[in-house]
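These numbers come from a predicted model, not from an experiment. FYI, side chains are in, hydrogens and waters are out, and symmetry mates aren't considered; it's all heavy atoms of this structure.
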Amino acid sequence: QVQLMESGGGLVQTGGSLRLSCAASGNIFGSNVMAWHRQAPDKQREFVALITSGGTTNYADSVKGRFTISRDNAKNTVYLQMNSLKPEDTAVYYCNLKQYGNYYWGRGTQVTVSS
């Protein structure tokens, strides 16, 4: 079993920055993909960014150039540095881990960007 614990959310003004963290524990294997998704009120959950265990990254167009995903494989932790935040970035941010066809989700952390 795998557990994911997000942290780092909060309230920030437009243009501000936040750094989210997600620590994975349990049966973590070397080859996996960690990602961030988000869900705004009354909207579907959407992809934000991912990073493979080898360091390859991919971003949603809406966050390219503003968000940076990184990971520390020794700590099984993924980070999301969010800069130039906008009110439309307001959402619950969820950490996701995919390994060997199984998907695991954290409980989420709230990010609120005030205008």
Side-chain angles (χ1 to χ4, degrees):
Q1 194 58 279
V2 173
Q3 295 81 40
L4 302 173
M5 180 65 71
E6 302 99 336
S7 61
L11 174 64
V12 65
Q13 291 185 333
T14 296
S17 298
L18 282 174
R19 188 191 193 211
L20 305 183
S21 300
C22 172
S25 60
N27 296 327
I28 309 298
F29 300 99
S31 178
N32 58 63
V33 179
M34 298 190 78
W36 290 95
H37 291 68
R38 66 187 182 186
Q39 187 166 16
D42 300 323
K43 292 188 177 180
Q44 291 190 334
R45 192 172 297 187
E46 64 176 5
F47 166 77
V48 175
L50 68 79
I51 185 167
T52 69
S53 50
T56 300
T57 60
N58 191 23
Y59 296 90
D61 288 342
S62 59
V63 306
K64 280 181 182 176
R66 301 188 298 122
F67 292 9
T68 302
I69 190 170
S70 61
R71 64 188 288 167
D72 183 334
N73 289 334
K75 296 182 179 179
N76 289 323
T77 298
V78 64
Y79 306 96
L80 186 68
Q81 177 67 44
M82 305 185 294
N83 299 327
S84 302
L85 283 161
K86 305 174 182 179
E88 51 263 44
D89 294 317
T90 295
V92 177
Y93 283 70
Y94 296 92
C95 178
N96 167 267
L97 184 147
K98 174 189 174 184
Q99 64 178 18
Y100 300 119
N102 296 312
Y103 291 84
Y104 304 92
W105 292 91
R107 293 188 175 184
T109 184
Q110 176 71 45
V111 171
T112 302
V113 184
S114 63
S115 58

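- Contact detail for Ala91 and Ala40: the closest heavy-atom pair is CB-N, 3.8 Å.
- A salt bridge links Asp61 to Lys64: one of the charged nitrogens lies within less than 4.0 Å of a carboxylate oxygen.
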Between Leu85 and Phe67, does a side chain to side chain contact (heavy atoms under 4.5 Å, CB included) hold up when you go through it step by step?
CA-CA 9 Å; Leu85 283 161; Phe67 292 9; 3.8 Å; yes
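- Atom OG of Ser115 and atom CD of Gln13 lie 9.5 Å apart (nearest 0.5 Å).
- Between Ser17 and Asn83, the side chains place a donor N or O and an acceptor N or O closer than 3.5 Å (distance only, hydrogens not considered).
- Checking Phe47, Tyr104, Trp105 one by one against Asn96, the side chain to side chain contact (heavy atoms under 4.5 Å, CB included) holds for a single residue, Trp105.
- The backbone N or O of Val113 lies less than 3.5 Å from a partner atom in the side chain of Thr90, making a donor-acceptor pair.
- Asp72 contributes atom CG, which lies 6.0 Å from atom OG1 of Thr77 (distance to the nearest 0.5 angstrom).
- Side-chain atoms of Asn32 and Arg71 include a donor-acceptor pair closer than 3.5 Å.
- Closest approach of Ala35 and Ile69 over heavy atoms only: CA-CD1, 4.4 Å.
- For the residue pair Gln110 and Thr112, the shortest heavy atom distance occurs at NE2-OG1, 3.3 Å.
- Judged by distance alone, the side chain of Gln39 and the main-chain N or O of Tyr94 form no donor-acceptor pair under 3.5 Å.
- Under a 3.5 Å cut-off, the side chain of Asn73 and the backbone N or O of Ser53 do form a donor-acceptor pair.
- Distance CG/Asn27 to CG/Asn102: 10.5 Å, rounded to 0.5 Å.
- Note: the hydrophobic cluster containing Tyr93 also contains Val12 (ILVMFWY, side chain heavy atoms under 4.5 Å, direct or indirect links).
- For the residue pair Tyr79 and Ser21, the shortest heavy atom distance occurs at CD2-OG, 3.3 Å.
- Cluster membership check: Val78 shares its hydrophobic cluster with Leu20, using side-chain heavy-atom separations under 4.5 Å among Ile, Leu, Val, Met, Phe, Trp and Tyr.
- Contact between Ser114 and Leu11 at its shortest, heavy atoms only, is CB-CD1, 4.3 Å.
- With contacts defined as side-chain heavy-atom distances shorter than 4.5 Å, the pair Leu97/Asn76 does not qualify.
- Transitive grouping of hydrophobic side chains (ILVMFWY, heavy atoms separated by less than 4.5 Å) brings Met34 and Tyr59 into a common cluster.
- Both Val111 and Val48 are members of a single hydrophobic cluster when ILVMFWY side chains are connected at heavy-atom separations under 4.5 Å.
- Transitive grouping of hydrophobic side chains (ILVMFWY, heavy atoms separated by less than 4.5 Å) brings Val63 and Met82 into a common cluster.
- Here the side chain of Ser84 pairs no donor or acceptor atom with the backbone of Gly15 at under 3.5 angstrom.
- Distance check, rounded to the nearest 0.5 Å: CD1 of Ile51 to OG1 of Thr56 gives 8.0 Å.
- At a threshold of 4.5 Å between non-hydrogen side-chain atoms, the residues Cys22 and Trp36 count as touching.
- Between the side chain of Glu6 and the backbone N or O of Cys95 there is at least one donor-acceptor pair closer than 3.5 Å.
- A salt bridge links Arg38 to Glu46: one of the charged nitrogens lies within less than 4.0 Å of a carboxylate oxygen.
- Between Gly8 and Leu18, the shortest heavy-atom contact is O-CD2, 3.9 Å.
- Counting heavy atoms from C-beta outward, Gln99 and Val2 have side chains that approach closer than 4.5 Å.
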